[in-house]
Amino acid sequence: MKAMKGALNESSTLSDQLEEKIDELKFHRIPKNMLLTDDYIYYTKKNQFEKASRVEFNVPIDDQKVPVTILKKMFPDSKDLFDSFIMMHLVTFQMQKRLMPTCFIVYNDQKMQFVSFDSSIKTTIYRKLYEIANRIEPDGIIDVLYVGEMYNYVNTKQILELESRERIKYKNSESLVFFKSSRDLTITSYSFDSNKVNDMKYIASTLLRKDNSFNNLAFMKPVINEFKRLNKKNKSPDFS
């Protein structure tokens, strides 16, 4: 508004009042991705769109990155950052019985960042991971970790043809799933039965299990494919 008034070199009582009203709304306090971005899902059977209800955890500081040593100190017995990330969220889930989907980003300067959010539809998860994938090369990201809750189904043709909101009543169980995709192209995943997360023997046996891969990696594909692209790019000969 100020820029427009300056360009026109004009002012009026109405424009001054409008400017005051806009200042009172304090848009600057709302994260831009919450203010300017909406997520939707389209239901083909009813030709209907649903807009997501979203929430996001934000720390009011300029630099959202902190040293990875902070997490290492919290879980000194963990073998690596992924184990620390897993234990941190298992403990959280034990206490509150639900968990916000969370991405954990590790940078090449040994700093880390948590991106925690929640949404009424899965579109937000896909968008978040797509946005992170686009930041991998320019921001020097070397690892992307994710945790979230998932419903488990028997993958019959009947269930797969249902819309996502209709499948819930056919769930067999619920799981807490962890994924990690790295610059060196390693992919690691763990799935924990939500009803057994208080059983430390079960947790230990799951972490020690060699074959604990999880097949449903569709929403992680943007991150996985970007790491593959960069790996191929870095191996390509330079003829310049």
Side-chain angles (χ1 to χ4, degrees), residues 31-34 55-96 99-118 124-149 176-192 197 203-204 206-210 212-214 217 219-236 238:
K32 288 184 179 179
N33 65 316
M34 297 296 289
V55 64
E56 188 164 334
F57 178 76
N58 275 288
V59 180
I61 55 175
D62 292 334
D63 189 358
Q64 299 286 321
K65 300 192 295 182
V66 295
V68 297
T69 51
I70 293 175
L71 192 58
K72 290 179 179 178
K73 290 177 180 177
M74 290 174 62
F75 299 94
D77 296 329
S78 296
K79 65 179 181 181
D80 54 28
L81 277 176
F82 192 29
D83 266 21
S84 298
F85 177 73
I86 290 172
M87 292 308 301
M88 176 183 182
H89 287 89
L90 285 176
V91 170
T92 303
F93 189 81
Q94 287 171 353
M95 292 188 294
Q96 59 191 35
L99 208 60
M100 294 176 71
T102 298
C103 297
F104 176 64
I105 303 168
V106 183
Y107 298 87
N108 56 13
D109 61 358
Q110 288 303 296
K111 287 189 175 182
M112 63 183 187
Q113 178 186 7
F114 285 95
V115 180
S116 296
F117 57 94
D118 208 351
T124 305
I125 298 174
Y126 286 92
R127 176 178 59 80
K128 282 289 184 183
L129 287 161
Y130 184 80
E131 289 173 350
I132 291 171
N134 286 336
R135 291 172 46 203
I136 287 175
E137 183 173 18
D139 290 2
I141 295 172
I142 59 174
D143 296 304
V144 178
L145 285 60
Y146 171 85
V147 60
E149 297 177 63
L176 199 61
V177 294
F178 295 84
F179 298 97
K180 177 187 175 185
S181 180
S182 300
R183 179 177 58 181
D184 62 5
L185 303 188
T186 57
I187 300 170
T188 313
S189 60
Y190 291 94
S191 177
F192 297 86
V197 293
I203 291 174
T206 302
L207 289 172
L208 290 171
R209 198 177 302 153
K210 291 183 179 180
N212 196 36
S213 59
F214 195 81
L217 291 169
F219 62 92
M220 287 289 289
K221 281 295 184 182
V223 171
I224 295 170
N225 289 339
E226 179 61 7
F227 279 130
K228 286 181 178 179
R229 184 191 71 82
L230 289 177
N231 187 270
K232 185 177 180 180
K233 174 183 176 181
N234 293 333
K235 285 183 177 180
S236 300
D238 186 1

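The chain is numbered in sequence order, starting from 1. From a predicted model like this one, the values you see are computed outputs, not experimental measurements.
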State, to 0.1 Å, how close P222 and L129 come at their nearest heavy-atom pair, and which atoms those are.
CB-O, 4.3 Å
Under the salt bridge (Lys or Arg N to Asp or Glu O under 4.0 Å) test, residues paired with E149 that sit two or more places apart:
none
Just verifying a value: how many Å separate N108 CG and Q110 CD, rounded to the nearest 0.5 Å?
8.5 Å
Note, F192 side chain near I86 side chain (heavy atom, < 4.5 Å)
yes
Sidechain-backbone polar pair: N231 side chain, F227 backbone, donor-acceptor under 3.5 Å
no
Looking only at non-hydrogen atoms, find the nearest pair between R183 and D143 and report the distance.
N-OD1, 4.4 Å
To the closest 0.5 Å, what do you measure between CD1 (I224) and OG (S181)?
5.0 Å
Apply side chain to side chain contact (heavy atoms under 4.5 Å, CB included) to K79 and L207, showing your working.
CA-CA 11 Å; K79 65 179 181 181; L207 289 172; over 6 Å; no
Under 6.0 Å between the ring centres of F179 and F219?
yes
Are Y190 and F178 near enough that their ring centres are under 6.0 Å apart?
no
Looking only at non-hydrogen atoms, find the nearest pair between M88 and F114 and report the distance.
SD-CZ, 3.9 Å
Validation row: K180, V147 side chains within 4.5 angstrom (heavy atoms)
no
For residues S191 and T206, report the shortest heavy-atom separation together with the two atoms involved.
O-CG2, 3.7 Å
Might you point out which heavy atoms bring V106 and F104 nearest each other, and give the distance in Å?
CG2-CE2, 3.7 Å
For S84, side chain to side chain contact (heavy atoms under 4.5 Å, CB included) partners two or more places apart:
L71, F75, S78
Would you call K233 and E137 a side-chain contact if the rule is heavy atoms closer than 4.5 Å?
yes
pair I136-R229: side-chain heavy atoms closer than 4.5 Å:
no
So do the side chains of D118 and P101 get within less than 4.5 Å of each other, counting heavy atoms only?
yes
Are side-chain heavy atoms of L90 and L176 found at a separation under 4.5 Å?
yes
Nearest-0.5 Å distance, CG of residue L208 to CD1 of residue I203
12.0 Å
Check: F93 ring centre within less than 6.0 Å of H89 ring centre
no
Atom NZ of K228 and atom CD1 of I187: how far apart are they, to the nearest 0.5 Å?
6.0 Å
Does the side chain of T102 reach to within under 4.5 Å of the side chain of Y146, using non-hydrogen atoms?
no
If we only count heavy atoms from C-beta on, is the M112 to I70 side-chain gap below 4.5 Å?
yes
Could you list the residues that satisfy side chain to side chain contact (heavy atoms under 4.5 Å, CB included) with Y107, not counting sequence neighbours?
K65, I105, D109, Q113, R135, D139, I141
One should read off an interatomic distance between Y126 OH and K221 NZ, to the nearest 0.5 angstrom, of 12.0 Å
To the closest 0.5 Å, what do you measure between CG (N134) and CD (E226)?
7.0 Å
In sequence, state the C-alpha distance, the side-chain angles, and the governing distance for C103 and I132, and then conclude on side chain to side chain contact (heavy atoms under 4.5 Å, CB included).
CA-CA 9 Å; C103 297; I132 291 171; 3.7 Å; yes
Check whether Q94 reaches the backbone of V197 with its side chain - one donor and one acceptor, N or O, closer than 3.5 Å.
yes
